Amino acid sequence: MGRVRGRGVPGWRLRAAVGVVGALIVLVLAVQGVTAVLIGLVGFVAVAAVALPGSPAAMLLIGVSAVATAVLPGEPLRWEVLVLIPLVHLLHLSCALAAILPRGGRLHLAALRAPVRRFAFVQAGAFGLAGLVALLPSDRADPVVEVLGLLGAAGLVLLVAALLRDRDRVG
Amino acid sequence: MTVLARARRVREALLGGRNQTWHATEALRRGLLLGVGLVVAGVLAHNVVLALLGAPLLAASVLALSTKPSGTPKVTVLPVARTGEAGETALATVRVDPGHGAELLAIRLPDKGNPGPGPVHLLPASVAEIACGLYRRAWGEGVDLRLDHLVAGPDALIVHGPMVGREVSRVLLPPVRELPAGPVPARPAGLVGVHRSRRPGDSTDLRTIRPFQPGDRMRRIDWRVSLRSNDSMPYVRENHAESDADVVLVLDTRFDVAAEIADWSLPARGAAVRPGGSLDTAVRAAASLAASYLRQGDRVGLVDLGRPRLYVRPGAGRRQLLRLRNQLVVCARSAGWSSRPVLNAHQVSGGALVVVLSPFLDDAVVGATVQAARRGNLVLAMDVLPAELVAEPEDRWGEPVRQIITLERRVRLDALRGHGIAVLPWSSAEQGLHVLRPGARRSR
């Protein structure tokens, strides 16, 4: 319970944050040697994400950059991947918030406290996972682990299907 | 379309739409589809990079969905005064009940730098009360608040709204400027008041000393004069009566023009009345004149030249001033209703002072003003057009047009003066009223 203090900052700063994060993603892809055509396409999608943060542009940008990084040769835990992990999450989060704030709106920084705390918590987990991956042997996994992984993947798909079906809930 | 989807759409229509329920956003779809897709693809393709990039999205979405927002968010505003003065700042208190599990609130609130209902503010949903200033600058009708709002769950993955809020409107009364006492008619009407009447009465101003007549009261006999007289007749002192004046303010709402001639054919942007234009000036002048005359006890009425139905009968007192200022706002709202001015004899009582507030841009208003003077009223023409007209700079005919308008107006104002009507520009009203006041006394 509380009261509003101050006028907040201009809402365009949230869109500027989307733009900065999108530009950094494009930059990371360029550093990895992605073709100019793909860089141009990703750059265009980043601009679209800034203009329409509630559109599927951010999903396209994250998907394309993840696949492009995954198919490129190199160590799985190279610095480009480690930089992309918080960047794609940040793009997802900033687009989600910018989508509910019109262009001329005003942003009160107190509203970001809970999302930033959750972001930090999730990133700590993600980097913990990356550290675990770095410790595991890189040779072929045991068949039992493979089956468990596949079952886990199937479980995730079912979970998402259930969550998406339940998305239009009446409060 | 499946039966289930059709049923869902029917349910949404019955419930008043998707916005009145908690529903998923693009961000939820993105988080779940990308999170699960990348993680599953990473597992199947033995690619750690895909799994590492998808894991935060999946984890954040699941974490955010662990708190299910529910309930119906309610945004209410405590009652605010609907009528106020231009230039004052009122305070409104908005109470927010965001429901269970809500984390963010996007709500439209008034802002100092923006006219109208203001921009949308993104706030934490934990705010229970929002104290917001209502910046009431220009007089007239307007909207103080329109609490459009949207409540979102964690990370804005599930939202309720956007809901269009109910408009909280207000009326800001035209400001009143301190003016000196203006001219009053030569024959004030009424039985009581502050102005000296021609009739005999009970004031302290001596009217005459005359011989005693049957019906005179004994206490009126002036014994000193009676003893000095040679005809041994008693003489009585007769005093003047005191009465109030009827003042009728005649507002020309048919025109709302500013100094820039190029803008005359364009509607005023973002306001019902052009700020600084002729109608704005006329309304401010009418409010100030009404206050000035009512302060000295006179009765003041209002006539809208463009809409006779908005007539206000002359009256006195503070309530009449409020009534007149409210009616001025109503007149300004329905400005431009008629192209022909209407000033009937029944709207102006005999002997009333008539103040015509107009930019005098057509002959019809001059005709109506002269007609009022011919009926025997003392008439004052208050010119409310900005002093210096500005020609359209991009048109080579701009300057000739400005000159023609200026000359036509000069002819009209001269015609008014020729009929004995005092013409006074509002910009110099303060000095003009000073000049006219003694003149009105001399004519009595």
Side-chain angles (χ1 to χ4, degrees), chain A residues 1-4 7-8 11 54-56 58-59 62-63 66-67 69-70 76-77 81 84-86 88-89 92-93 95-97 99-102 104-108 110-111 113-115 118-119 121-123 125-126 129-130 133 149-150 152-153 156-157 159-160 163-164 167-171, chain B residues 8 15 18 21-34 36 38-40 43-44 47-50 52-60 63-65 68-72 99 103-104 106 111-112 119-124 126-131 150 152 154-157 159-160:
Chain A
M1 304 288 260
R3 279 173 172 269
V4 178
R7 292 178 64 212
S55 70
M59 189 183 329
I62 294 171
V67 171
T69 307
L77 294 179
V81 175
L84 268 184
I85 291 171
V88 292
H89 187 194
H92 165 66
L93 182 60
C95 278
L97 296 177
I100 61 166
L101 184 65
R106 300 199 68 88
L107 172 68
H108 293 251
R113 205 170 290 150
R118 200 174 301 111
F119 173 82
F121 180 70
V122 168
Q123 282 303 311
L129 185 65
V133 169
L150 288 173
L156 277 176
V157 171
L159 175 73
V160 169
L163 285 172
L164 285 177
R167 67 186 189 271
D168 289 331
R169 292 168 295 177
V170 180
Chain B
R8 194 174 69 231
L15 286 173
R18 184 166 165 261
T21 61
W22 288 96
H23 56 274
T25 62
E26 178 64 28
L28 177 65
R29 276 184 281 274
R30 182 171 62 231
L32 288 178
L33 289 176
L34 274 179
V36 170
L38 291 174
V39 168
V40 169
V43 168
L44 292 178
N47 192 316
V48 177
V49 174
L50 285 177
L52 283 177
L53 289 174
L57 301 180
L58 181 62
L63 205 61
L65 286 176
K68 286 186 177 180
S70 60
T72 305
E103 189 174 286
L104 298 162
D111 192 55
K112 198 171 187 178
V120 174
H121 292 246
L122 186 61
L123 303 163
S126 56
V127 291
E129 261 188 14
I130 305 169
L150 174 144
D155 286 355
L157 300 186
V159 296
H160 186 285

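So you know, we letter chains A, B, ... as the sequences are listed, proteins then strands, and number each from 1. As the structure is a computational prediction, the values presented were derived from the model and not from experiment.
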Could you grab the distance from atom CZ of B:Arg29 to atom CG of B:Leu157, nearest 0.5 Å is fine?
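One finds 11.0 Å between CZ of B:Arg29 and CG of B:Leu157.
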To the closest 0.5 Å, what do you measure between CD1 (A:Ile85) and CG (B:Leu57)?
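Here the interatomic distance stands at 10.5 Å.
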Under 4.5 Å heavy-atom distance to chain B, tell me which part of [X] shows up: side chain, backbone, both or neither.
X: A:Phe119; result: neither
X: A:Leu101; result: side chain
X: A:Val88; result: both
X: A:Leu107; result: both

Check whether [X] gets within reach of chain A through its side chain, its backbone, both or neither, counting any heavy atom under 4.5 Å.
X: B:Leu150; answer: side chain
X: B:Leu52; answer: both
X: B:Ala106; answer: side chain
X: B:Asp155; answer: both

Heavy-atom pair count under 4.5 Å with chain A, highest-scoring of B:Ala59, B:Pro119, B:Pro56
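Max contact count across the listed options: B:Pro56.
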Side-chain contact, heavy-atom cut-off 4.5 Å: B:Leu123 with B:Leu104?
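No, every pair of side-chain atoms sits at 4.5 Å or beyond.
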Any side-chain heavy-atom pair from B:Leu32 and B:Leu65 closer than 4.5 angstrom?
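In contact.
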Which of the residues [options] is involved in the greatest number of heavy-atom pairs with chain B at under 4.5 angstrom?
options: A:Pro56, A:Gly104, A:Ala130; value: A:Pro56
options: A:Ala99, A:Gly125, A:Ala58; value: A:Ala58
options: A:His89, A:Met59, A:His92; value: A:His92

Treating B:Thr25 as the side-chain partner and A:Gly54 as the backbone partner, does any N or O pair qualify as donor plus acceptor under 3.5 Å?
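Answer holds: no.
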How would you list, by chain and number, every residue that makes a side-chain contact (heavy atoms from CB on, under 4.5 Å) with A:Ala114, sequence neighbours excluded?
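Counting only residues at least two positions away or on another chain, A:Ala114 forms a side-chain contact (heavy atoms from CB on, under 4.5 Å) with A:Arg118, B:Glu103.
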Got a sec, which residues hit ring pair (Phe, Tyr, Trp, His ring centres under 6.0 Å) with B:His121, two or more places apart in sequence or on another chain?
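Partners of B:His121 under the ring pair (Phe, Tyr, Trp, His ring centres under 6.0 Å) test: A:His108.
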Passing option when B:Leu38 is tested against B:Val43, B:Leu50, B:Val49 for side chain to side chain contact (heavy atoms under 4.5 Å, CB included)
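Only one of B:Val43, B:Leu50, B:Val49 forms a side chain to side chain contact (heavy atoms under 4.5 Å, CB included) with B:Leu38, namely B:Leu50.
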